[in-house]
Amino acid sequence: MDITAKKISKGSVFKIYFLGLAGGFFVLFFIFGVSAIFGAETVKWEEQPITGIMGFITAMLMWPFFSFFFAGFMWLISILGLWLYSFIKPITISFKDVVASDSDNA
């Protein structure tokens, strides 16, 4: 299913970035945390390595902050680019495996 829109809402763009980065960063930070449990210096705070179970906990606490920061940074740049693109032509978005929601059936 293809949808053509003149503009995309800022909230939708942020949601896509945040969910995508949060999922990807979770895997990365989980691996760093598990590595820290086994003594690898993969987690640092104020230039000091944190190992053991505290390294894992610290990595899991850092994960949402990194996800939010990077999503926000990419969002700010992207909304400028999408806004400029909206003056040129509408954007077409393709969806795969579309499922009708309850509100569509009413």
Side-chain angles (χ1 to χ4, degrees):
M1 172 207 285
D2 291 345
I3 295 178
T4 300
K6 185 171 181 178
K7 294 183 180 187
I8 300 173
S9 74
K10 294 173 186 73
S12 293
V13 174
F14 182 79
K15 186 176 183 179
I16 289 169
Y17 277 132
F18 182 73
L19 292 175
L21 286 171
F25 276 157
F26 175 77
V27 173
L28 185 66
F29 279 75
F30 186 81
I31 291 170
F32 288 164
V34 170
S35 298
I37 289 174
F38 294 106
E41 296 180 356
T42 53
V43 180
K44 292 188 177 188
W45 188 264
E46 295 182 357
E47 301 299 322
Q48 297 296 320
I50 303 172
T51 57
I53 194 69
M54 282 307 297
F56 180 78
I57 292 170
T58 304
M60 291 295 99
L61 290 174
M62 293 169 73
W63 158 61
F65 293 105
F66 273 79
S67 299
F68 187 79
F69 175 78
F70 280 103
F73 180 73
M74 290 174 57
W75 174 76
L76 283 173
I77 294 171
S78 295
I79 60 171
L80 175 63
L82 289 170
W83 176 69
L84 292 172
Y85 187 79
S86 72
F87 290 114
I88 299 169
K89 67 179 194 175
I91 190 167
T92 301
I93 301 173
S94 298
F95 293 92
K96 294 182 180 179
D97 301 327
V98 177
V99 178
S101 65
D102 290 338
S103 62
D104 291 341
N105 296 331

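Since the model is a prediction, treat every value here as computed from it, not as a measurement. Here, residue 1 is the first one in the sequence, and each next residue gets the next number.
Minimum heavy-atom separation, Gly39 to Thr51: O-CG2, 3.8 Å. Here the closest non-hydrogen pair linking Ser67 and Ala22 is OG-CA, 3.4 Å. Of all heavy-atom pairs between Val43 and Gly55, the closest is CG2-O, 3.6 Å.
Leu19 and Ile16 fall into different hydrophobic clusters, where Ile, Leu, Val, Met, Phe, Trp and Tyr side chains are chained together by heavy-atom contacts under 4.5 Å. Side-chain heavy atoms closer than 4.5 Å link hydrophobic residues (I, L, V, M, F, W, Y) into clusters, and following such links, even through other members, never connects Trp75 to Phe73. Val34 and Phe66 fall within a single hydrophobic cluster, where Ile, Leu, Val, Met, Phe, Trp and Tyr are joined by side-chain heavy atoms under 4.5 Å apart, directly or via other members. Note: the hydrophobic cluster containing Ile93 also contains Ile79 (ILVMFWY, side chain heavy atoms under 4.5 Å, direct or indirect links). At a threshold of 4.5 Å between side-chain heavy atoms, the hydrophobic network of Ile, Leu, Val, Met, Phe, Trp and Tyr places Phe95 and Leu82 in one connected group.
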From CA spacing to verdict: side chain to side chain contact (heavy atoms under 4.5 Å, CB included), Lys7, Ile91 | CA-CA 7 Å; Lys7 294 183 180 187; Ile91 190 167; over 6 Å; no

Go through the steps for Leu80 and Leu76 under the test side chain to side chain contact (heavy atoms under 4.5 Å, CB included), then give the verdict.
-> CA-CA 7 Å; Leu80 175 63; Leu76 283 173; over 6 Å; no

Yes or no on side-chain hydrogen bond (donor to acceptor under 3.5 Å, both in side chains) for Thr92 and Asp2, after CA distance, side-chain angles and deciding distance?
-> CA-CA 7 Å; Thr92 301; Asp2 291 345; over 6 Å; no

Yes or no on side chain to side chain contact (heavy atoms under 4.5 Å, CB included) for Met62 and Phe32, after CA distance, side-chain angles and deciding distance?
-> CA-CA 11 Å; Met62 293 169 73; Phe32 288 164; over 6 Å; no

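Within a 6.0 Å sphere centred on CZ of Phe14, heavy atoms belonging to other residues, nucleotides or ligands number more than 12. More than 12 non-hydrogen atoms from other residues, nucleotides or ligands lie less than 6.0 angstrom from OH of Tyr85.
Within the structure, side-chain hydrogen bond (donor to acceptor under 3.5 Å, both in side chains) contacts touching residues 26-49 (residues at least two apart or in different chains) do not occur. Sorted by first and then second residue, the side-chain hydrogen bond (donor to acceptor under 3.5 Å, both in side chains) pairs with a member in residues 15-29 read Tyr17-Ser78; sequence neighbours excluded.
Considering Phe70, Phe69, Trp63, Phe18 as possible partners of Phe25, the one that fulfils the ring-ring contact (aromatic ring centres under 6.0 Å, His included) test is Phe70.
Centroid-to-centroid, the aromatic rings of Phe29 and Phe56 stay 6.0 Å apart or farther.
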